[in-house]
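Notes for the one structure printed next.
Values below: every heavy atom of this structure, side chains too, minus hydrogens, waters and symmetry copies. Whatever order the structure lists them in is the order used to number ligands and atoms, beginning at 1.
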Amino acid sequence: MLFQQQPPTLGNQYLDDPVLHSYLKRVLPPDVLREVEPELIEMGRLAGGDMYQMQLADRLNEPRLTQWDAWGNRIDHIELTPLWRAAEKIAAEHGVVATAYEQKHGRFSRVQQCALAYLFTPSTDIYSCPLAMTDGAARTLLSSGNQTLIERAVPHLTTRDPNQFWTSGQWMTELTGGSDVGLSETIARPDNANERNADETSSEPPTRNWLLFGRKWFTSAATSQIALTLARPEGNPPGGRGLALFYLEMRDACGQLRNIRIERLKDKLGTRKVPTAELTLDGAPAQLVAGTTDGVKNITPLLSITRLWNGISAAALMRRSVALALDYARKRTAFGAPLAEKPLHMDTLAGLQAESKAAFHIAFFVAELTGRAETNEISQDESMLLRLLTPLMKLTTARQAVAVTSEALEAFGGAGYVEDTGLPVLLRDAQVLPIWEGTTNVLALDALRALGPDDRALQVLKDEAGRLISNVDGKLASVVRNALAHAESWLITARKSGELEAGARRFALTLGRTMELALLCKQGSRSAQRFASEGVDRIWR
Ligand code: MFK
């Protein structure tokens, strides 16, 4: 008999995930858990079954842009991959965005939605990208108070009906900058020819149209129905304050792009199923969302939501890598025994599990706070904590995802490096997480911004960490306390010595990892010790 290696397989991704179970049991009231569990079980079944099989079968497909038809008409049609087409329907029907807005379970709805997204994400080739932006767009429009746009778009963004469901793009990046968005060159001109309701005696709010001209360099999921984007009304000053936030619908009633050209799709290292495009806006009609200035500030609710999704996706890709590696360890025999009986191999996987659990807990902690904010059940201090933890969580989990998926591939030996196992894509897709939605350094600087007056947010974070470890004895509690004390003293010294910016990443990673450890301690997780042994304090001077 020739040797035949059994591949790794997945079971129900909800039922097989004790971390998710025990967490939900702890944070959700029992009646809420009873009510939401059937849909989580169903999503877990799809994620480990049909969707996963489809993902493996779909491996070689990529989105295709056709710019011209046979008769010379510019059409700019993007053909999506089969899994993406299926994912859109599944996402809508299972309320992967809607759950957060239906708010059937008040502040717990955001946790419920993130649990769905966590299960859905690793089997759907980063369809989480348009969902994240759709969620962020709904939140941004609702925060803007712009009733016309809320009534027009939010029902579509938050529906469970696939035929009514719209996704949104988030067009910020231009050639001048993915990080320094204030440099954006797209300009906006009032469309005087098509002004509607400009009659000042009308009871309807004026909905003046604007026309956008510019080049958007990296627009994820260019197949969305709408987009939120930034442009500078002519005559406005430079910088982020001179930009305005605009809403636009990409296509007219006949399906034609509205003065938008799709120039090409990006040739990326990973997220290759995402139809990321370069666009030219050549008079694309758009409406202001919230005034003619402060576009960067006005789009930040969207950034907070997509950064939460980034963290949930990071935890989800780590969990998927570990689930496959653990299953494989039971099936792969080497040197006389299954890998699962090899202490060194299992010790390596335990390290990955510890990082994965830590990422899970900080991402879901931010989801809990986000849920409180969305239902106005948040104190001022908790708001500051949410504002600080969002960039800390995003930057910490994204880096963990790259490290964990890389190490997980090694756990398969050569098979982890071979494309048709479906494994290498985990690493390639994880690599985007520290880049989009703000790089590690940009978010580390954002965390400094979020410290608030007198570094109040740091004090709140310390208090929260103190509560989390209040019943934890000895060494682990000291690790948390010492790291936070070090971060605090470094902050004071670095301000005086002018080394704040150079040390911002180390400071942010220390706070992020320390909060992760405190959360693991609170859970009573056996991985806390292991996680601490990898170190949480990244500040070396
Ligand atoms: C898998 C799931 C992931 C989904 C991915 C979706 C696809 C991804 C496609 C993309 O990558 S879209 C592009 C994402 N781009 C970014 O995330 C931009 C990264 N750069 C930053 O975040 C910069 O920090 C920023 C552009 C915000 C800096 O711009 P400015 O103009 O220098 O901002 P400034 O002057 O510091 O802040 C303006 C105001 O906004 C200030 O408020 P005030 O006017 O009241 O002082 C800031 O406090 C506020 N602000 C800035 N960042 C904030 C914020 N408020 C809340 N939260 C924040 N994060």
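Distances below 4.0 Å separate heavy atoms of S179 from the following atoms of ligand 1: 19 (C), 20 (N), 21 (C), 23 (C), 26 (C). Atoms of ligand 1 found under 4.0 Å from any heavy atom of S128, numbered from 1 in the order shown, are 1 (C). Counting atoms of ligand 1 from 1 in the listed order, those under 4.0 Å from a heavy atom of V296 are 27 (C), 29 (O), 31 (O), 33 (O). The contact set between ligand 1 and M133, taken as ligand atoms under 4.0 Å from a residue heavy atom, comprises 6 (C), 7 (C). Those atoms of ligand 1 with a heavy atom of L303 less than 4.0 angstrom away are 17 (O).
In this structure, D161 does not pair ionically with K89, as no charged nitrogen and carboxylate oxygen lie closer than 4.0 Å.
Across K394, R449, R307, K297, heavy-atom proximity to atom 43 (P) of ligand 1 is greatest for K297. Among G178, G438, A314, the residue whose heavy atom lies nearest to atom 18 (C) of ligand 1 is G178. Considering each of K216, R387, Q170, the one bringing a non-hydrogen atom nearest atom 12 (S) of ligand 1 is Q170.
A donor atom on one side chain and an acceptor atom on the other are found under 3.5 Å apart for Y101 and D135. Side chain to side chain, Q170 and E437 meet the donor-acceptor criterion of an N or O pair below 3.5 Å. With no hydrogens or angles considered, no side-chain donor-acceptor pair links Q431 and R428 at under 3.5 Å.
In this structure, C129 has a heavy atom closer than 4.0 Å to ligand 1.
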I would like to know whether R261 and D282 meet salt bridge (Lys or Arg N to Asp or Glu O under 4.0 Å); could you show each step before the answer?
-> CA-CA 8 Å; R261 289 195 303 277; D282 192 10; 3.4 Å; yes

Going through the checks in order, is the salt bridge (Lys or Arg N to Asp or Glu O under 4.0 Å) test met by K216 and E174?
-> CA-CA 5 Å; K216 295 291 176 181; E174 299 194 7; 2.6 Å; yes

Residues E368, R372; criterion salt bridge (Lys or Arg N to Asp or Glu O under 4.0 Å); working and verdict | CA-CA 6 Å; E368 284 173 51; R372 284 181 184 277; 5.9 Å; no

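Counting heavy atoms under 4.0 Å from ligand 1, residue D180 does not touch it at all. If you look at D446 next to ligand 1, the close heavy atoms, those under 4.0 Å, all belong to the side chain. Residue contacts with ligand 1 for T173 involve side-chain atoms from C-beta outward but no N, CA, C or O (heavy atoms, distance under 4.0 Å).
Taking only nitrogen or oxygen atoms, main chain and side chain alike, W436 does not reach within less than 3.5 Å of ligand 1. Geometrically, ligand 1 and S313 share no nitrogen or oxygen pair separated by less than 3.5 Å.
Distance check for atom 24 (O) of ligand 1: a protein heavy atom is found below 4.0 Å. For atom 46 (O) of ligand 1, a protein non-hydrogen atom is found at a distance below 4.0 Å. Distances from atom 28 (C) of ligand 1 to the protein include at least one heavy-atom value under 4.0 Å.
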